[in-house]
Amino acid sequence: MAETIQLAERFPFPFGRYRDPHGDASGEVFREEVLLPAFRRSNDTVVVDLDGARGLSPSFLEEAFGGLVRRGVARAEVLKRLKIKSALDPSFVETINNYVRAAKPA
Amino acid sequence: MSGIVDTLISAAVGFAAGMVGSTVNERLKSGVGSLEAELKRLDDLHDKITSLLLTPPAERISLLREATAMRRRLGINLRALVTDAPAFQSISQRLSRLDRVIGDAEDGAPSTPEREQELEEIARGVRQAVKSRSVLSGSWRLLRGR
């Protein structure tokens with residue numbers, strides 16, 4: 001069964017790449033504390049709903065989603081299991097998929 | 001008697017058609033006006049990103065927050081206004097390229113002629129896509145002549 005993550009619930013204004021210096025709303029924090037655990041809990045689809053977030057900083061998105069590949073999740077698995085929901089502005093689906101495709105394993 | 005009725009019916013139909021035409025015209029004007037407002041937002045965002053790239057990386061935080069909020073608002077509003085899928089897809093690809101430039105700025109990239117040129121090209125592409133590929137493009141030409 002798919003797990004759905006509402007980004008804006010915990011990250012109303014997601015911003016910045018790393019915890020240091022950008023703090024608890026950074027892509028690194030979202031990946032490590034929310035996204036990666038969801039990927040590891042099961043083999044099901046992980047849906048991330050972006051609607052409701054007030055800003056979506058590109059470095060946040062790259063670090064969160066491209067960072068999955070650098071943290072050892074196979075790119076093909078990310079592309080298969082990750083579903084981005086962004087009804088208000090679907091252009092971010094393309095942005096995120098591009099980040100995942102371009103990310104290289106560490 | 002029949003002639004009077006015919007005249008009255010014709011007048012009523014003409015009046016109704018005029019009302020409908022006027023409403024449609026107002027809606028088209030409003031739609032084009034909203035798209036123009038978003039293109040103004042695009043210009044402002046372009047300027048913001050240009051300033052951002054010229055600002056030392058350590059001093060970029062507030063400009064970055066403003067730029068990402070503007071980008072978010074631009075995408076949401078264009079999605080609401082450009083309802084035909086192929087037109088929005090064309091805009092979407094360009095917004096995705098814009099995200100890459102903002103991401104570079106977040107990572108401390110400096111202003112270079114190549115980056116400036118790319119930014120200019122993206123903004124021009126979005127503008128063009130909005131004007132020529134949206135369902136309002138015909139109205140745009142009629143109302144604005146460009």
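Sequence lines set the chain letters: A, B, ... in the order given, protein chains first and strands last, and positions in each chain run from 1. Small disclaimer: the values here were computed from a predicted structure and weren't measured.
When each of A:S57, A:P21, A:G55 is checked for heavy-atom pairs under 4.5 Å with chain B, A:S57 comes out on top. Of the listed residues (B:N77, B:L64, B:D99), the greatest number of heavy-atom pairs within a distance under 4.5 Å of chain A belongs to B:D99. Contacts with chain B were tallied for A:Y99, A:F13, A:F60; A:F13 has the most, counting heavy-atom pairs under 4.5 Å.
Ion pair B:R71/A:D89 flagged as a salt bridge, since at least one NZ, NE, NH1 or NH2 atom sits closer than 4.0 Å to an Asp/Glu carboxylate oxygen.
Atoms CG and CD, on A:N98 and B:Q93 in that order, are 9.5 Å from each other to the nearest 0.5 Å. The CG atom of A:L56 lies 8.0 Å from the CD1 atom of B:I76; values are rounded to the nearest 0.5 Å.
For A:R17, the part lying near chain B is the side chain, with the backbone staying farther off; criterion is any non-hydrogen pair under 4.5 Å. Contacts between A:E94 and chain B at a heavy-atom distance below 4.5 Å involve backbone atoms as well as side-chain atoms.
The cluster map of Ile, Leu, Val, Met, Phe, Trp and Tyr, joined by side-chain heavy atoms under 4.5 Å apart, puts A:V48 and A:L36 in the same cluster. Follow the hydrophobic side-chain contacts under 4.5 Å out from A:I84 and you reach A:V73 in the same cluster. Under the 4.5 Å side-chain heavy-atom criterion for ILVMFWY residues, a single connected hydrophobic cluster contains both A:V93 and A:F30. Follow the hydrophobic side-chain contacts under 4.5 Å out from B:L35 and you reach B:L39 in the same cluster. Hydrophobic clustering, with ILVMFWY side chains joined whenever heavy atoms are under 4.5 angstrom apart, keeps A:Y18 apart from A:V29.
The number of heavy atoms from other shown groups lying within 6.0 Å of NZ (A:K83) is above 12. Within a 6.0 Å radius of CZ in B:R65, other residues, nucleotides and ligands contribute more than 12 heavy atoms.
Under the 3.5 Å distance criterion, with hydrogens and angles disregarded, no donor-acceptor pair is assigned to the side chains of A:S91 and B:S92.
Here the side chains of A:S59 and B:D107 are in contact, with some heavy-atom distance below 4.5 Å. For the pair B:L95 and A:F92, the minimum side-chain heavy-atom distance is 4.5 Å or more. Contact check for A:P58 versus B:R100: no side-chain heavy atoms found under the 4.5 Å cut-off.
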- Starting from the C-alpha separation in whole Å, work towards a yes-or-no answer on side-chain hydrogen bond (donor to acceptor under 3.5 Å, both in side chains) for A:T95 and B:S96. CA-CA 5 Å; A:T95 292; B:S96 191; 3.1 Å; yes
- Begin from the C-alpha positions of B:I61 and A:F15 and carry the test side chain to side chain contact (heavy atoms under 4.5 Å, CB included) through to its verdict. CA-CA 10 Å; B:I61 291 276; A:F15 186 80; 3.9 Å; yes
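The shortest heavy-atom contact between B:R79 and A:A87 is CG-O, 4.1 Å.
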